[in-house]
Amino acid sequence: MTFNIAMYLQLAVNTPIYQTFEYKTPQNIVYSDRNLCGCRALVKFGNRKTIGVIVSTSDKQSYSGRGVIREVEEILDDTPVFDMYAIRLLSWASSYYHYPVGEVFYTALPPLLKKQNKAELKPIDLWSAIPGADTSSIKRAKACQSALEIIRQSPCTTHKLKELGISSAIINKLSGLNLITKTNLRDQVNEWTQEQLEVTGTKKLNEEQQAAYDTISSASGFNVFVINGVTGSGKTEIYLQLIADKLAEGKQALVLVPEINLTPQTVKRFYDRFNAPIVCIHSSMNDSERFESFVMMQRNEAAILIGTRSALFANIPNLGIIIIDEEHDSSYRQGDGFRYHARDCAVMLGYLRNIPVVMGTATPSIETVNNIRKNKYRELILTRRAGNATDAIFSIIDMRKQFIDHGISRELALHINEELAKGNQALLLLNRRGYSQKLICHNCGYVFMCTNCDSSLTYHKTENKLLCHHCESRYSIPHQCPQCGFTELTPTGNGTEQIFEHLMQLFPNARPVRVDRDSVSGKGTLNTLLDDINDNKYNIIIGTQMLAKGHHFPNVTLVGIVDIDSCLFSNNYRAHELLAQLIVQVAGRSGRGNKQGYVFLQTHSPEHPVLTTLLAGGYQAFTESCLNIRRQLMLPPFTSNAILKADSSSREKVITFISDAYAFMLRESQKFQSVKVMHPSSAYIARKQKRYHFNILINATGKKELSDFVDIIIANIDKFRDKSGVHAVIEIDPLSNE
Ligand code: ADP
Ligand code: ZN
């Protein structure tokens, strides 16, 4: 006979309140033999039903208030979604980022588990080739043939095929032609064990790689390493060998990458090296695909998880190493809701689990450089590029003395021409999509603006629309100025669409291609485009940031940054760091093999210290001078920032709120030695989507002081907020001061 004793549960309930809530287990069910921590529970909160995650259990009641303790409606999981490390990580993140604990846990749930029910596993299709099948029907279909070849080598899940860039259409075609057949892997899948491990294609490390590898593998427990090396210097090879060692010990590995870097080429290198099951988590997967990856790691059915930001919260029982590729990349920062930095949280996870964290980058962020100086992180430098590739030669093009046509100087055009004549490719970067930045009335100067935002509209020629890049509103092209009726409307400021058109005229025999969010509609298209570029189908590539990250273009010998002046002058104290990273990163895309690469920077400010420092002394000289400036100006990482961001559809309400908040903060800040509260200011785009945005920047020398101060603001914020109208959040360690 079992006694039915209730258990008391602390729940992180999905609600914007900064505390956990106590519930008890339902009377009719015995849970005492089960680990409930980390499981989801369906609960009544007020009079609505919502999800909570159990963060701790006890057989004693701890709530001593007047209300009754409610029973949870249902425990939704048989095994915990979050292990104890994830629970500790998320609880830490909630207090560090001052974000409601229930919402933090909710954000971390895989999308399928955000629903109020038990999640069911779908079958996992495992495809095998049918031996002896007649393949004449796909003789001319190259994509089908190469897919079949991959499946013939070993059976593949749909997930793996997709990550290798093989579409469902191709899988269906092969299946329809009776060339491949599927079974349900769920029926036969087992825990992965190291006895099965085979590692193929391991390279002999060069001296620098070996030194880095030795340092990392001889350290035990928690340590943070930063492999600082240019693209192609062999960072990934070191990750692979470190992971191999961990897998051999029966451990699992987590590899974090920026979204755009999760390409079939990246994933393929992991598949080629290890026979162990590898899964991915990223934004273009659907909910059940993500859940499947999650479960395979949770059950130790997969050995390696490669994922973006949110993969950090996966339940990985035997996690042995965390890799953070391109640690400087700002996509590790979540931009809305629970605004965490995945790199910083990954370091905390490594600490909690007492395992190594290995970062890699060619352009370490200033925070990371500072952590290296303080001996918190250990730096391992790779100076050589694999093969015979040499460093690119940088030149500045002084636009003040140039003939410029559609943003391209004559000098740059001549260099492009030269490289094209040699059969090489040129890559041009411009961070503005669309045809022109603005549409202006030639008579009265009226600028066409978005009706929802304080932002001028971008003219998109192909789509024949004016677009707001802040709220995505689309407007038809006006025939006349609404102010004066004049019909001559002038597009001004080049975007990628315009430069592309101009390049076609300038180089009529060239094969230009445009790569930006408008020309690339999904991951599939981007991958095809990248393949086509590397197959030399195109020889001039014009595009946005998209091009600056991750991808390798071995035939590109010329990189031109069309307009860097827009990044030189900005209110954001991080703008120069971002620019230096962009320049170095985009330069790293070019020149593999024996060809010399050239980088041209078009500017009207060739004497700007950022450019001269970078060109004379490289990225390292830049970081030194940047750190000095930040220290002198008491900016992060020498101090810490937080921002109070408020917005409302009513300008009056938000201004009242922000001035009351400011007065309160100013008063409270007197109690702290180092807390400085800056004057309120309107956001860079003051009105966005019909809402008015205002900020207050808070700066403090110590993180602890800042945190205590923010606690006070949060505890009092509702007192001066008219709840119906103003939305306010506090962001910790914001990536920008505006
Ligand atoms: P990164 O990650 O720094 O861009 P990779 O690890 O991708 O560099 O290395 C670039 C190329 O050089 C890859 O094709 C890789 O296989 C090769 N490579 C890396 N290390 C070695 C090595 N020790 N010996 C031979 N080839 C190597
Ligand atoms: Zn808008």
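In each ligand, atom 1 is the first atom listed, and ligand 1 is the first ligand listed. Scope of the values below: all heavy atoms of this structure, side chains included, with no hydrogens, waters or symmetry mates.
At a threshold of 4.5 Å between non-hydrogen side-chain atoms, the residues L429 and V559 do not count as touching. At least one side-chain heavy atom of K461 sits less than 4.5 Å from a side-chain heavy atom of Y459.
The ligand atoms of ligand 1 that sit less than 4.0 angstrom from a heavy atom of E237 are 6 (O), 19 (C), 20 (N). Close contacts of ligand 1 with K204, meaning ligand atoms under 4.0 Å from a residue heavy atom, involve 22 (C), 23 (N), 24 (N). In the vicinity of V230, heavy-atom distances shorter than 4.0 Å reach the ligand 1 atoms 3 (O). Remark: ligand 1 atoms within the under-4.0 Å shell around heavy atoms of S233 are 3 (O), 8 (O). Applying the 4.0 Å criterion to heavy atoms of N206 picks out, from ligand 1, the atoms 23 (N). Near G234, meaning under 4.0 Å from any of its heavy atoms, are these atoms of ligand 1: 1 (P), 3 (O), 5 (P), 6 (O), 8 (O), 9 (O), 19 (C).
Using bins of under 30°, 30° to 60° and over 60° for the plane-to-plane angle, the ring pair F448/Y446 lands in the perpendicular bin. In this structure, H469 and H460 have perpendicular ring planes: the angle between them is above 60°, well past the 30° mark.
At least one N/O/S atom of C471, whether from backbone or side chain, sits less than 2.8 Å from the Zn ion (ligand 2). Residue contact annotation: H470 places no N/O/S atom under 2.8 Å from the Zn ion (ligand 2).
Both tests hold for K160 against Y271: distance to the six-membered ring centre under 6.0 Å, angle to the ring axis within 45°.
Within the set R269, Q241, K203, the minimum heavy-atom distance to atom 25 (C) of ligand 1 is found for K203.
The angle subtended at the Zn ion (ligand 2) by SG of C450 and SG of C453 is 110°, given to the nearest 10°.
Counting all heavy atoms, side chain and backbone alike, I355 lies closest to G320 at CB-O, 3.6 Å. Nearest approach of A311 to I281, heavy atoms of both residues: CB-CB, 4.3 Å.
Checked against the 6.0 Å centroid criterion, the rings of H727 and H693 do not qualify as a close aromatic pair.
Polar contact with ligand 1: present for K235 (N/O pair, distance under 3.5 Å).
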